[in-house]
Protein chains: 2
Amino acid sequence: MRPTEIPEIRALALFRDMSDDQFEALMRAAYVQTLPPGIELFHEGDRPDFLHVVVEGSVELFAEWSGHETTMQIVQPVATIILAATLRDAPFLMSARTLERSHIVLVPSDDVRQVFASDGAFARAVVGELAGCYRSMVKAQKDLKLRSSTERLANWILRQDGIADRAGPITIDLEKRKLASLLGMTPENLSRALNRLADHGVVVEGKELQASDLPALRRFARPTPLIDQHDI
Amino acid sequence: MRPTEIPEIRALALFRDMSDDQFEALMRAAYVQTLPPGIELFHEGDRPDFLHVVVEGSVELFAEWSGHETTMQIVQPVATIILAATLRDAPFLMSARTLERSHIVLVPSDDVRQVFASDGAFARAVVGELAGCYRSMVKAQKDLKLRSSTERLANWILRQDGIADRAGPITIDLEKRKLASLLGMTPENLSRALNRLADHGVVVEGKELQASDLPALRRFARPTPLIDQHDI
DNA sequence: CCGGTCAATTGATATTTATCAAGAGGCTAG
DNA sequence: CTAGCCTCTTGATAAATATCAATTGACCGG
């Protein structure tokens, strides 16, 4: 494991408050994998042998049923992947694959569970993390059940960093079909939804996107902190 | 607080392994409310002053946006309600109301957070509970994104206790319009979906429902443990 | 530089789901 | 017992979304 990655991981809220001893115990058997895009880290139904931490790149969590597939979440650095399954020693409910060249730290699940059982600070940090994951899922479900596809897209745009700066366009840094799947629609529908948002000042050219009339977009999207604010 | 309710709460996985002292500290300031149907316990956006435990009756968790409302979950005894908000001291993302005459135990949030910070066994139990809540939400989202409304209904039926006994019909013990909202459809659509399932042996009369051809219903519903099994 | 591959878009159409309207049946308060 | 209310159901229609097909355009390897 490269020494440069250790401080990054240590800085995560999950590991910040635990004792040095315990952290070292966790990292002793951990190792880094550098993976090209499109590699499947694990598949739903698998048992969690390792806790995965995305240090660089990005990872898609997706789920399948009856021949369909849907994107559930995109995990950006630095973050852990599905802690819940690891702690419960229960099968993954989602699969994971790299979207770009990525560095993934693998921490043996047994070690995580052992440190979890003996280090109170770590246990409390885990609760904070899990509560956040749960609340994100609640927000996602409200988004899906209460909004139309175009409304979901409009609010997604408003949630993007930098969209409020009138400096210039932002970049959609994932494939549009992944975005469509994440938002619960087809790629064709995403194209049409983007066209519909042109009436509210959204200008798209390839992967560049600009909201030229933010008040109009907000009037249409009607964002609420109880769905759209990620840090509460 | 009635002494008869204390053992029931103590038996919950969440409180089972904590010390007697800590449990008593939690229960000292707790009290029971007996409420008629239709009472709102709290509203999304409120701050969690109490951890709510449903001891008898049932409670609906719902969310609103832009004049619409959707049922997110029905909580049956004995279970806690949205532990995540209490622990994070963050605003509720969902509202709660009683569906029938219910007994609710209210435990002051400060006490919960204090015991959580000092009792490792409780902290670990909380993690188990939260991980379970998170996984339930993941399953619900997979259900929503991967299945049609009729498929969701068919799988909901298969998940009901007693549906596999050929003994007789089960009772749908909530209003059909709540069920429709829970499954992410309109009441009209639920009526039609039930009619469509008649082709697969589902017989409905009022609140009585029987699956007369279970293999046929399973062929249509294609249940999978990774969405439909609640205890993994 | 060219050809192939694949994501994105657009159009046409089908399916699913929601909405609106009306009527049937059951429950309850008076 | 009955009037009124409310849920559920059914039918007709509208809107949203998905599917299928074809084309465009960008990127990549040879």
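Hydrogens, waters and symmetry mates play no part in the numbers below; they use all other heavy atoms, side chains included. Protein chains get the first letters and strands the later ones, always in sequence-line order, with residue 1 at the start of each. This structure is a prediction, so every number in the text was calculated from the model and none was measured.
If you measure from atom CD1 of A:I172 to atom P of C:dA7, you get 16 Å, rounded to the nearest angstrom. The separation between A:L174 atom CG and C:dA7 atom P is 13 Å, rounded to whole Å.
Counting only residues at least two apart or on different chains, the ring-ring contact (aromatic ring centres under 6.0 Å, His included) pairs with a member in residues 173-216 of chain B are B:H200-B:F220.
Separating the OG1 atom in B:T70 from the CG atom in B:L61 is a distance of 11.5 Å, to the nearest 0.5 Å.
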- [ ] Would you give a per-nucleotide map of nucleotides 14-24 of chain C, 5' to 3', where B means the base has a protein non-hydrogen atom under 4.0 Å away, S means only the sugar-phosphate does, and - means neither?
- [x] ---SSBB----

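Scanning for ring-ring contact (aromatic ring centres under 6.0 Å, His included) contacts around A:F62 gives an empty result, with sequence neighbours left out. The salt bridge (Lys or Arg N to Asp or Glu O under 4.0 Å) check on A:D213 picks up nothing, with sequence neighbours excluded. Shown here are the side chain to side chain donor-acceptor pair (under 3.5 Å) partners of B:T171, two or more places apart in sequence or in another chain: B:E208. With sequence neighbours excluded, the residues forming a salt bridge (Lys or Arg N to Asp or Glu O under 4.0 Å) with A:E69 are A:R97, listed by chain and number. In this structure, B:Y134 has no ring-ring contact (aromatic ring centres under 6.0 Å, His included) partners at least two apart in sequence or on a different chain. Remark: A:K178 pairs with A:E60 by the salt bridge (Lys or Arg N to Asp or Glu O under 4.0 Å) rule, at least two apart or across chains. Considering only residues two or more places apart in sequence or on other chains, A:R88 meets the side chain to side chain contact (heavy atoms under 4.5 Å, CB included) condition with A:A90, B:A131, B:R135. B:K142 meets the salt bridge (Lys or Arg N to Asp or Glu O under 4.0 Å) test with A:E44; sequence neighbours excluded.
In 5' to 3' order, the nucleotides of DNA chain D bounding all contacts with chain A (an atom under 4.0 Å from a heavy atom) are D:dT17 to D:dC20.
Nucleotides of DNA chain D nearest to B:N195 and B:E175 differ in position, and the one nearer the 5' end is that of B:E175.
In the helix from C:dC1-D:dG30 to C:dG30-D:dC1, the rotation axis of the first five pairs and that of the last five pairs differ in direction by 40°, rounded to 10 degrees.
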